[in-house]
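In this chain, numbering begins with 1 at the start of the sequence shown.
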Amino acid sequence: MSLWTEEEIQLALNLNKRPNFASECTGVSIDTRTLLPGNIFIGIKGDNFDGNDYGLEALRKGACLVILESDDSISNYVVYVKRSKDALGKMAKFARFRMTNTKIVAITGSAGKTTTKELLAKILKMNRNDVYYSIKSYNNFIGVCLTIINMPKYCNVGIFEVGTNHMGEIAELSEILMPHISIITSILPVHMEYFRVLTNIIQEKYSLFDFTSTLCILDIHDYVYMCPELRAINFVESVNTHGKQKFIEKYQTSINYEEKLNIYEKIAQEIRNKFATFAKNLLIINYNCRSYEIINFVSRHCENCNISVLNVYQNFSELTWEFYSSIVQWKNNSFNKNAYDIDFKIFMQNKVHAALMFCLINDEKMELSQSINLQEAFFSQDSFEEISGRGKAFTFQENVKIIDESYNANPMSVIESIKNAYVNHDKNKLICVLGDMSEIGDRSAYYHSLVLDFALLLSNDVLAFGERMKIASENVILPANLKFFDNCDDIVEVLSKETNCSVLVKGSRRMNMDKIINRFRSL
């Protein structure tokens, strides 16, 4: 079956006449390097390359149709448009329009989007073969459009990751997707260079719900510890390490503890601002807190919004689900970690999200009820393997464990990665390799200093890379354990001489920290 027909392209792009296909359509591509025979090629103008220059190459590689901006009359199998990126968007909207029986799931959040998506797709595909989901981190305009355009017509579930680094991006993508179920996995101070203040991030994330038809899910766990320094201090207080008190004294003064008081009222106020006139279903995910307090705060001011709470009580050995709404309240039996050989520390929050959405998708009405089995969905994720760039580990020279967190970095994610590496490493030494963090605004020096100090407290050595790290390294608590490098090659040379250690590699994408990972994989 052809993924796209000539008539559908004409309707989607509002063309005067029907285009000619050289063959049956097998997919849509914007890159001639990965284009397959039968693909439609769309020439997108980017920062480094102009796809409009590759129309002939696409045809030579077997493209069934080429969509370009410049009219050079190179073939009968070419359609010319004013702006090819707009054509991509129009095709995406048409693709969504023709999905009349497909359940669409949208996932956004400051952290956890990709892992939650991969977990959900994994457990869904165990039971059905009609699931389609975005590859890698295709969460910007081009990525989301390409994903939905390439979604097979027979699929009944589509899972999409929605990202943002500027105001209005989520609304634009959500209007294309028009999801049935959407979730905000977390709201954290990231991309601050563009958003400036946290309230802008909250508004941007919440815009996903404006286009959601059936159920909106909001995880409020991160509201409690929204500032990176508070999370770091809370963890440092629980460990016994040299320099601990200096770290606490240095960063405690930066925390406005008054802002952390009455957290339920603050959560409720933020939700009320959004949902006071919101005539939709909202499910709040909460952890180790009293569900009725939140729902009572919110429901008094959100008369049109049907609000319920899923509370998760978790410690190192047990997990208990509690569901509460104005209509029904039920509690699942708690289960013990040891009986199921499951590690609650790894992806716990993401596993809760995936288990919850799995049950909702498989319910005809997409509703929570006491009959659903959240435990079974949770357990089925236990064999999940970490994703490259997001915690996937491998062994080098038998006893050196490399932890690949190279995909991206912000203050919160670096602190969480260091915590996980510290808690789980089983070698004689822990070494943190940290590159610059991007898009964190005018407090860049402060946040780089915070993550360096945190890493120096919990690891044996820190290898830093990047100009921002270099500036921050001048004011750290434990400078003796810090080494600064100008390039990745020198870091690899030093690490290749280490034995019996765990190595965490973390940095923003522009730092190309994956070069370190690739070098070790090739040695």
Side-chain angles (χ1 to χ4, degrees), residues 107-117 136-137 139-140 161-167 169-170 184-205 219 221-235 251 254-255 347 349-350 386-391 403-422 432-455 458 462 464-469 471-473 504-514:
I107 302 170
T108 193
S110 303
K113 295 185 294 293
T114 302
T115 301
T116 297
K117 176 202 68 182
K136 299 180 182 178
S137 295
N139 59 31
N140 61 9
E161 192 178 327
V162 179
T164 182
N165 62 13
H166 61 269
M167 294 296 288
E169 186 172 10
I170 285 181
I184 300 175
T185 61
S186 59
I187 299 177
L188 301 169
V190 299
H191 300 301
M192 296 302 287
E193 186 174 332
Y194 302 108
F195 287 108
R196 300 295 178 187
V197 293
L198 190 60
T199 52
N200 286 339
I201 297 177
I202 293 172
Q203 291 171 16
E204 174 70 3
K205 299 297 184 186
D219 189 313
H221 175 262
D222 289 305
Y223 281 84
V224 182
Y225 298 118
M226 199 169 273
C227 64
E229 50 268 55
L230 183 56
R231 284 209 185 182
I233 287 173
N234 281 355
F235 188 78
Y251 294 102
S254 301
I255 301 172
F347 303 128
Q349 201 171 342
N350 304 126
E386 295 92 339
I387 306 163
S388 294
R390 290 180 168 85
I403 306 166
D404 179 10
E405 286 276 7
S406 62
Y407 177 74
N408 216 340
N410 60 63
M412 195 72 80
S413 69
V414 175
I415 286 169
E416 290 301 310
S417 295
I418 295 169
K419 280 168 56 178
N420 287 336
Y422 176 82
C432 291
V433 181
L434 302 179
D436 282 358
M437 300 176 291
S438 301
E439 301 177 9
I440 54 177
D442 54 11
R443 299 194 74 193
S444 175
Y446 169 81
Y447 281 128
H448 280 84
S449 176
L450 171 69
V451 299
L452 275 180
D453 279 330
F454 189 66
L458 300 179
V462 176
F465 173 52
E467 287 302 313
R468 297 174 188 181
M469 284 292 181
I471 294 170
S473 66
L504 170 70
V505 180
K506 183 80 171 168
S508 285
R509 293 183 71 181
R510 72 175 184 84
M511 298 304 296
N512 297 315
M513 304 297 284
D514 57 331

Rounded to the nearest 0.5 Å, what separates atom CZ in Phe465 from atom CG in Asn512?
8.0 Å
Starting at CE of Met412, measure out to OH of Tyr447 and round the result to the nearest 0.5 Å.
8.0 Å
Heavy-atom pair with the smallest gap, counting every atom of Ile415 and Phe454:
O-CE2, 3.5 Å
Ser444 meets the side-chain hydrogen bond (donor to acceptor under 3.5 Å, both in side chains) criterion, sequence neighbours left out, with His448
Between CG of Asn420 and CG of Leu504, what distance do you get to the nearest 0.5 Å?
9.0 Å
Could you walk me through whether Leu434 and Val462 satisfy the side-chain contact (heavy atoms from CB on, under 4.5 Å) test, starting with their C-alpha distance in whole Å, then the side-chain angles of each, then the deciding distance to 0.1 Å, before giving a yes or no?
CA-CA 7 Å; Leu434 302 179; Val462 176; 4.3 Å; yes
Among all residues two or more places apart in sequence or in another chain, which pass the side-chain contact (heavy atoms from CB on, under 4.5 Å) test with Ser438?
Arg468, Ser508, Arg510
Below 4.5 Å, heavy atoms only, C-beta onward: do Val505 and Ile403 meet side chain to side chain?
no
Please list all pairs passing the salt bridge (charged side-chain N to carboxylate O under 4.0 Å, His left out) test where one or both residues lie in residues 407-418, with sequence neighbours left out.
Arg231-Glu416, Glu416-Lys419
Value rounded to 0.5 Å, distance of CG in Asn408 from CE in Met511:
12.0 Å
Suppose we screen for side-chain contact (heavy atoms from CB on, under 4.5 Å). Which residues come up paired with Ala464, at least two apart in sequence or across chains?
Leu452, Met469, Leu482, Phe484
Would you say Ser186 and Asp219 make side-chain contact, with heavy atoms under 4.5 Å?
no
Lys506 vs Cys432 side-chain heavy atoms within contact, under 4.5 Å:
no
Side-chain touch Glu405/Met513, heavy atoms, less than 4.5 angstrom:
no
To the nearest 0.5 Å, what is the distance between CG on Asn139 and OG1 on Thr114?
6.5 Å
When you measure from the side chain of Thr116 to the backbone of Gly112, do you find a donor-acceptor pair of N or O atoms at a distance under 3.5 Å?
yes
What is the distance from atom OG of Ser110 to atom CD1 of Ile187, rounded to the nearest 0.5 Å?
6.5 Å
Under 3.5 Å, is there a donor-acceptor pair between the side chain of Glu204 and the main chain of Ile170?
yes
Set of side-chain contact (heavy atoms from CB on, under 4.5 Å) partners for Ser449, sequence neighbours left out
Lys250, Tyr251, Asp453, Ala472
Residues Lys113, Glu161: salt bridge by 4.0 Å N-O rule:
no
Close side-chain approach of Leu458 to Phe235, heavy-atom, < 4.5 Å:
yes
According to side-chain contact (heavy atoms from CB on, under 4.5 Å), who are the partners of Asn165, at least two apart in sequence or on a separate chain?
Glu169, His191, Tyr194, Glu439
Is it true that the side chains of Gln349 and Thr185 contain a donor and an acceptor less than 3.5 Å apart?
no
Any sub-3.5 Å donor-acceptor pair from Asp436's side-chain atoms to Glu467's backbone N or O?
yes
Check: Thr108 side chain, Ile184 main-chain N or O, donor-acceptor pair, under 3.5 Å:
no
